[in-house]
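Data block below; observations after.
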There are 2 protein chains.
Amino acid sequence: MDTLDRRNARAPRVTAAMVAARAGVSTATVSLVANGKTQGRVSDDNISRVRTAIAELGYVVDSIGSSLARGVSSIVILVTPDVSNPFFANVISGVRESLGPEYQLLLSVTDAGESPQADDVRKLLALRPAGLLVGAPSAQFLEDLSAAGPLVLLDAPGLESYAPSVNLDVAQGARELARHLAASGHTHAAYVDGVTGTATFQLRREAFLEEASRCGLSVADGHVISTSIDVGAAAAAFADAWPDWQRAGVTAVVCGTDTHAYGVLQEARVAGVRIPDELAVAGFDDLPYSATSNPSLTTVHLPATPLGRKAGEQLKGLMEGLALDEPHVTLESTLVVRGSTA
Amino acid sequence: MDTLDRRNARAPRVTAAMVAARAGVSTATVSLVANGKTQGRVSDDNISRVRTAIAELGYVVDSIGSSLARGVSSIVILVTPDVSNPFFANVISGVRESLGPEYQLLLSVTDAGESPQADDVRKLLALRPAGLLVGAPSAQFLEDLSAAGPLVLLDAPGLESYAPSVNLDVAQGARELARHLAASGHTHAAYVDGVTGTATFQLRREAFLEEASRCGLSVADGHVISTSIDVGAAAAAFADAWPDWQRAGVTAVVCGTDTHAYGVLQEARVAGVRIPDELAVAGFDDLPYSATSNPSLTTVHLPATPLGRKAGEQLKGLMEGLALDEPHVTLESTLVVRGSTA
DNA sequence: CTGAAAGCGCTTACAG
DNA sequence: CTGAAAGCGCTTACAG
């Protein structure tokens with residue numbers, strides 16, 4: 001048996017019964033001590049006796065047994081349609097931060113762009129999560145999820161009736177962006193949208209289009225296209241559309257995400273389109289690279305980490321049985337002007 | 001009771017006993033059918049009877065109960081020091097892809113740059129994971145993890161004796177990079193490293209430095225600095241070091257990750273350092289934005305998705321009790337030359 | 001303050 | 001092919 005084999009053999013499990021035997025108490029007492037529920041229920045003597053045994057044996061409460069007995073696990077499930085979006089990495093960090101070490105974060109990811117189905121939900125609930133965090137869900141998904149326990153929605157505008165939520169005020173940034181472009185002298189713009197029918201994309205687009213028309217920046221019907229959230233896909237779509245747009249006098253392109261904008265920047269370089277002189281480009285998200293792209297990208301900053309942090313906080317409250325002071329929170333977005341439109 | 005309240009009430013759980021009662025069989029039979037272990041053990045009649053009851057009630061095997069009985073859960077834990085690194089988003093996608101729907105991916109994240117401790121390990125194991133995927137671990141961590149069940153290491157060069165692993169041949173790309181810079185006429189370079197003592201960073205640096213000295217590209221001792229994996233931190237460190245480097249005739253900077261390189265590019269723009277004319281910049285990773293940065297970034301391409309995919313495959317084999325044909329796999333890295341060094 | 005016991009939901013020898 | 005029963009490890013009324 002070589003090292004590899006040995007490592008794949010399981011270690012013998014230390015159980016509460018073993019601790020109890022060593023400390024000379026019952027497993028009930030061990031449970032009380034291990035969970036810190038000793039207040040007025042366990043003698044000081046037994047407490048220290050059990051603590052010693054726990055330390056000596058390296059006992060850790062088995063979360064499977066514990067979850068079964070309690071009826072709920074310590075797992076928090078984060079359901080998101082798109083982990084590969086770097087925006088989400090920061091959301092995850094924020095969630096972790098506020099959830100703390102007592103909850104385990106389980107990531108449920110569907111295939112790129114797909115939204116999770118009722119069937120997926122059932123499987124998730126079979127894990128008896130302590131709580132659920134759902135990003136950018138569809139109404140249908142939330143119907144399927146009914147009565148699932150503590151639940152907080154992230155970035156789910158318009159779905160406030162289903163659960164407490166933390167949203168981003170993307171419309172505000174979108175309007176700022178429209179005004180910025182109009183003020184810079186643009187009169188004809190185009191829009192590159194995400195394909196997923198996510199509500200936030202719709203909101204971004206509609207707020208932008210509305211404010212644009214209000215300030216004399218026109219966006220023709222045929223000048224709104226959509227692609228998956230992928231640099232290459234956006235580049236290809238832009239390559240396809242640009243000749244038309246150019247003929248029609250388009251001098252500004254707004255993208256639903258920075259990732260789309262990177263694709264446009266990339267293709268523009270290939271096609272020799274000068275940015276921002278010939279074409280202004282802007283996005284949404286303010287990913288960490290937008291400050292360094294070529295040129296640096298004007299974008300609507302969305303607070304990813306605070307979004308995750310706040311959602312985690314709210315969920316924690318729910319899991320602890322508290323009533324939320326403010327069940328619906330909206331975080332601000334702000335326009336960051338950089339080289340791509342300057 | 002308004003909608004929100006109702007949603008936070010748990011749905012009544014459908015158990016195997018309820019299915020058994022409805023189908024007129026024992027829970028043992030329900031278990032066999034639900035797990036597809038009917039082969040020669042359950043009559044066709046009972047199979048269809050149970051299937052009908054399962055469908056009618058919407059029964060899903062409770063994974064807590066199941067895990068306790070089996071002694072192992074369906075959870076696979078991915079331990080990684082840094083989710084916020086976009087490189088990892090792709091690794092995760094790859095893992096998900098190869099693991100398939102029967103395993104749940106649990107993310108264990110330590111605070112930025114911190115490596116997980118023995119104590120964290122115990123908590124993880126309390127979840128009775130079906131398997132563990134550990135990225136860029138320390139030897140100490142692997143010692144703590146001993147005998148933890150199926151385990152596959154990702155990006156853990158030099159630690160092959162602990163477990164099956166999937167590594168990246170970063171040295172090859174590092175050497176290509178050194179030769180590319182030397183061939184472009186550079187004679188003095190600097191290096192911006194990551195601060196975490198991760199083995200892959202050491203490998204990148206050493207392979208580069210070795211090959212550099214071999215081809216007449218000198219890197220002075222004081223010209224190797226290190227920062228956390230963060231655009232801002234790298235920018236600040238570069239700002240600090242550049243005057244010195246410039247005086248010493250440095251004309252090329254190699255960064256341990258693309259993220260570091262973005263910081264250098266950013267600061268270079270601020271400081272008016274012309275790239276690549278005055279200073280060539282290169283990184284490692286080939287993040288999706290490196291093709292669009294300003295200028296586009298020369299970098300050593302590391303296959304993130306295949307890394308995750310392969311590790312997931314290997315782990316799946318282990319969890320199914322198979323012997324791996326090839327316990328140690330190394331994926332190639334390749335230099336991608338772009339504008340920042342051209 | 002303490003422990004015996006029931007129960008969480010499932011799986012798996014075992015006897016038939 | 002089938003079901004009664006033991007057991008996975010824990011928590012929590014309950015009786016004392």
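Side-chain atoms are counted along with the backbone in the values below, which use heavy atoms only and exclude waters and symmetry mates. Lettering of chains follows the sequences in order, A, B, ..., and the numbering in each one begins at 1.
Distance, Leu68(A) CG to dG9(C) P: 7 Å, rounded to whole Å. Atoms CG (Leu127(A)) and P (dG9(C)) sit 15 Å apart, rounded to a whole Å. Going from atom CZ of Arg128(B) over to atom P of dC10(D) covers 8 Å, rounded to whole Å. Atom C1' of nucleotide dC10(D) and atom CE of Met18(A) are separated by 15 Å, given to the nearest angstrom. What separates OH of Tyr59(A) from C1' of dG9(D) is a distance of 7 Å, to the nearest Å. One interatomic measurement links the two molecules: CZ of Arg13(B) to P of dG7(C), which rounds to 18 Å at whole-angstrom precision.
Each of dT2(C), dC10(C), dG3(C) was ranked by its minimum atom distance to the side chain of Ser43(A); first place goes to dT2(C). Considering only the side chain of Asp62(A), dC10(D) comes nearest among dC1(C), dC10(D), dC8(D).
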DNA chain C base-pair string [pairs: Watson-Crick or G-U under 3.5 Å; |: paired with another strand]: |||.||||||||.|||
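Minimum interatomic distance between Pro137(B) and Leu159(B) (heavy atoms only, all atoms of both residues): O-CD1, 3.4 Å.
Residues passing the salt bridge (charged side-chain N to carboxylate O under 4.0 Å, His left out) test with Asp325(B), sequence neighbours excluded: none. Taking the side chain to side chain contact (heavy atoms under 4.5 Å, CB included) definition, one finds that Ser48(A) meets it with nothing, sequence neighbours left out. Shown here are the side-chain hydrogen bond (donor to acceptor under 3.5 Å, both in side chains) partners of Asp44(B), two or more places apart in sequence or in another chain: there are none. Shown here are the salt bridge (charged side-chain N to carboxylate O under 4.0 Å, His left out) partners of Arg70(B), two or more places apart in sequence or in another chain: there are none. The side chain to side chain contact (heavy atoms under 4.5 Å, CB included) test applied to Ala304(A) returns Phe87(A), Asn90(A), Val91(A), not counting sequence neighbours. Listed by chain and number, the residues in a side-chain hydrogen bond (donor to acceptor under 3.5 Å, both in side chains) with Ser73(B) amount to none (sequence neighbours excluded). Remark: Glu102(A) engages no residue in a side-chain hydrogen bond (donor to acceptor under 3.5 Å, both in side chains) (not counting sequence neighbours). By the side-chain hydrogen bond (donor to acceptor under 3.5 Å, both in side chains) test, Ser63(A) pairs with no residue at all, sequence neighbours left out.
Phosphate proximity of dT11(D) to Ser66(A): present, with a side-chain N or O under 4.0 Å from OP1 or OP2. Proximity of Asn46(B) to the phosphate of dC1(D): no side-chain N or O atom is located under 4.0 Å from OP1 or OP2.
Less than 4.0 Å separates DNA chain D from no heavy atom of any residue of residues 47-57 of chain B.
Sorted by first and then second residue, the salt bridge (charged side-chain N to carboxylate O under 4.0 Å, His left out) pairs with a member in residues 18-41 of chain B read Arg22(B)-Glu56(B); sequence neighbours excluded.
Arg49(B) places a side-chain N or O within 3.5 Å of a backbone atom of Ala23(B) that can act as its donor or acceptor partner.
Within 4.0 Å (heavy atoms only), Val25(A) reaches sugar-phosphate atoms of the nucleic acid but no base atom. Using a 4.0 Å heavy-atom cutoff across all strands shown, Val61(B) reaches sugar-phosphate atoms only and no base atom.
Within the 4.5 Å cutoff, side-chain heavy atoms of Val329(A) are placed close to those of Gln314(A).
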Pairwise N/O distances under 3.5 Å, protein to nucleotides 12-16 of chain D:
unit_1: dT12(D); atom_1: OP2; unit_2: Lys37(A); atom_2: NZ; d: 3.1

